[in-house]
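To start, the structure itself, in structure tokens.
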Amino acid sequence: MDGLTTESRNQVLRTSIFNMRHTIESAQPLTFYGDYDQGSNRLRYATANNLIIVTFYGTTSKGRLLISARDVLKARADVSRRFRLDDDIKSIYDEIRTDRIIASAISKYRGMRVTLNDPWETTLCFIISQFNNIKRIRLITRNILERFGITIYDNNGMPIAKALPTSRVLAEAAVKDLMGCGAGFRAKYIKEAADYCTNNLDLYAIGGLDYDNLKGELMKIKGVGDKVADCIALMGYGKLEAFPIDVWIKRTLERHYFKNRKKSIKELHRFAEKRWGRYAGFAQQYLYHYGRNLGR
DNA sequence: ACCCAGGCGGGCG
DNA sequence: CGCCCGCATGGG
């Protein structure tokens with residue numbers, strides 16, 4: 001089925017309070033390079049050595065994830081980890097539902113999860129995201145996937161999917177070829193970050209750092225500033241207290257919490273930390289999409 | 001044609 | 001520190 005061999009097996013994961021569509025459409029790294037079919041509620045994405053197909057069926061309050069893959073046991077663990085199905089999302093909602101604004105955001109996007117992605121892939125995706133729009137972020141990411149991605153083969157040796165390239169691959173890429181993927185002025189950031197993360201910083205060895213120190217390490221990467229570092233901390237390392245502040249969340253906070261007065265990034269960080277604390281990242285995801293989609 | 005996008009680095013006061 | 005500027009590119 002779908003490029004997998006007859007040796008493929010299925011696994012079922014139960015979950016509660018989950019909305020695949022909201023999660024996928026919330027533009028987290030997984031969605032930048034995975035295929036999602038809204039009709040069948042099916043996501044198709046590749047990891048370093050596997051093609052994984054996840055289909056969600058059920059209701060937002062309760063449902064099941066059907067998983068198909070070559071190595072289905074690995075895939076099951078991967079899906080559970082990536083969608084953070086162990087999060088007690090009801091308790092999280094209770095903790096961040098501090099006012100009617102975020103209450104309506106939660107109500108509107110109920111079941112949207114904060115995903116956990118590979119640290120390097122998250123770094124790459126959010127370097128691409130700077131001063132860019134979601135459509136083009138996806139375009140550039142897909143181009144890099146096609147041009148530099150690691151091909152995944154089925155058991156008969158047929159290519160079935162591609163996974164994002166490692167930092168080592170992009171460290172050796174030509175800036176001109178990254179430009180060819182549409183990366184624009186970010187091409188040199190991508191190459192430098194790839195080189196740095198291959199030769200100077202092991203992204204897979206710093207997950208144990210606390211949030212502040214982790215963010216500090218990430219900001220040493222060229223092309224990674226305050227906002228991108230928070231995105232990586234949140235979606236690449238699961239630091240739920242990270243609160244990425246972009247133009248949208250800034251507008252939303254100023255509008256709904258500060259009577260349209262301009263606030264500095266620093267002030268907004270303090271506000272979010274004080275108000276939403278250890279789950280500020282969840283609050284950010286909900287407010288971000290709520291603010292963006294007002295009027296739509 | 002013009003404007004904007006999940007910002008950042010660098011230079012300046 | 002805070003402020004200001006340029007930056008590749010495609011879609012509205």
Side-chain angles (χ1 to χ4, degrees), chain A residues 22-34 105 109 112-117 119 121-144 146-147 173-197 215-237 239-240 242-255 261-270 272 280-296:
Chain A
H22 287 332
T23 304
I24 297 305
E25 292 183 352
S26 68
Q28 299 183 238
L30 193 63
T31 77
F32 291 158
Y33 57 94
Y109 296 106
M112 179 173 67
R113 298 281 182 155
V114 171
T115 64
L116 180 64
N117 303 268
E121 293 179 2
T122 310
T123 303
L124 174 62
C125 286
F126 282 105
I127 286 176
I128 293 169
S129 82
Q130 65 165 89
F131 195 47
N132 212 339
N133 58 64
I134 291 178
K135 192 165 258 180
R136 237 173 67 79
I137 293 165
R138 298 190 68 167
L139 174 70
I140 297 166
T141 308
R142 300 299 281 268
N143 288 343
I144 290 177
E146 288 304 318
R147 172 70 179 76
V175 172
K176 154 175 81 62
D177 291 332
L178 289 168
M179 293 286 282
C181 293
F185 67 89
R186 306 164 197 83
K188 59 181 184 297
Y189 291 157
I190 293 171
K191 186 175 169 66
E192 282 187 47
D195 180 78
Y196 186 74
C197 293
K215 186 172 174 181
E217 284 303 309
L218 294 172
M219 286 181 68
K220 291 179 184 169
I221 305 170
K222 200 164 208 174
V224 176
D226 180 82
K227 189 267 175 183
V228 169
D230 271 328
C231 284
I232 302 169
L234 178 62
M235 294 171 241
Y237 290 92
K239 302 293 185 186
L240 296 183
F243 190 86
I245 300 177
D246 64 355
V247 288
W248 291 101
I249 198 78
K250 186 170 185 295
R251 276 178 211 155
T252 302
L253 291 184
E254 287 168 348
R255 176 174 176 187
R261 288 182 202 284
K262 296 293 175 195
K263 291 288 165 184
S264 70
I265 301 291
K266 200 175 207 175
E267 285 175 301
L268 295 176
H269 271 307
R270 276 200 295 266
F282 256 94
Q284 191 273 354
Q285 280 295 294
Y286 280 80
L287 289 172
Y288 170 77
H289 293 286
Y290 181 76
R292 261 185 70 103
N293 296 137
L294 278 184
R296 284 197 207 174

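All heavy atoms count here, side chains included; hydrogens, waters and symmetry mates do not. Letters A, B, ... are given to chains in the order of the sequence lines, protein chains preceding strands, and every chain is numbered from 1.
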In whole angstroms, the gap separating C1' of B:dC8 from CD1 of A:I265 amounts to 12 Å

If we require ring centres under 5.5 Å and near-parallel planes under 30°, does A:F131 stack on B:dA5? no

Between NZ of A:K188 and C1' of B:dG9 the distance, given in whole Å, is 9 Å

Give a yes or no on whether the backbone of A:H289 and the side-chain of A:Y109 come within a donor-acceptor separation of less than 3.5 Å. yes

Let's test your reading of the model: under 3.5 Å, does the base of B:dG9 pair with the side chain of A:E192 as donor and acceptor? no

Taking CZ from A:R186 and C1' from B:dG9, how many angstroms apart are they, rounded to a whole number? 14 Å

State which residues pass ring pair (Phe, Tyr, Trp, His ring centres under 6.0 Å) with A:Y237; sequence neighbours excluded, sorted by chain then number. none

B:dG6 to C:dG6 separation - P atoms, rounded to the nearest Å: 22 Å

Tell me: CD1 of A:I245 to C1' of B:dG6, nearest whole Å? 12 Å

Per nearest nucleotide of DNA chain B, the residue lying toward the 5' end, A:K222 or A:N132, is A:N132

Is a side-chain N or O of A:R186 found less than 3.5 angstrom from the main chain of A:A183, in a donor-acceptor match? yes

Could you give the distance separating C:dC7 and B:dC3 at their C1' atoms, to the nearest angstrom? 15 Å

How would you label the contact of A:I221 with the nucleic acid (heavy atoms, under 4.0 Å): base, sugar-phosphate, or nothing? sugar-phosphate

To the nearest angstrom, the CD-C1' distance between A:E25 and B:dG6 comes to 16 Å

Could you check how far CD1 of A:I137 sits from P of C:dA8, rounded to whole Å? 17 Å

Taking the P atom in each of C:dA8 and B:dG11, what is the distance between them to the nearest angstrom? 16 Å

What nucleotide among C:dG2, B:dC8, C:dG10 has an atom nearest to a side-chain atom of A:V228? B:dC8

Is the closest basic N to carboxylate O distance between A:R251 and A:E254 below 4.0 Å? no

Does A:S26 reach a base, just sugar-phosphate, or nothing at all? Heavy atoms under 4.0 Å. base

Checking N1-N3 plus N6-O4 or O6-N4 for Watson-Crick, or N1-O2 and O6-N3 for wobble, each under 3.5 Å, the partner of B:dG6 is none

Just to confirm, is there a sub-4.0 Å distance from OP1 or OP2 of B:dA5 to any side-chain nitrogen or oxygen of A:R251? yes

Rounded to the nearest Å, what distance is computed from the CD atom of residue A:Q130 to the C1' atom of nucleotide B:dG10? 14 Å

For B:dC8, does either OP1 or OP2 sit under 4.0 Å from a side-chain N or O belonging to A:K220? no

Indicate, with a heavy-atom threshold strictly under 4.0 Å, whether A:Q285 touches base, sugar-phosphate, or nothing. base

Of A:I128, A:D195, A:V175, which is the lone residue that meets side chain to side chain contact (heavy atoms under 4.5 Å, CB included) with A:I190? A:I128

Whole-Å gap separating C1' (C:dC7) and CD1 (A:I140): 13 Å

Under the ring pair (Phe, Tyr, Trp, His ring centres under 6.0 Å) test, residues paired with A:F282 that sit two or more places apart: none

Establish, with yes or no, whether the OP1 or OP2 oxygen of C:dT9 is under 4.0 angstrom from a side-chain nitrogen or oxygen of A:K135. no

Compare side-chain N and O positions of A:K250 against OP1 and OP2 of B:dG6 and report whether any pair is under 4.0 Å apart. no

When you get a sec, tell me which of C:dC7, B:dG6, C:dG2 is the closest nucleotide to the side chain of A:K266? C:dG2

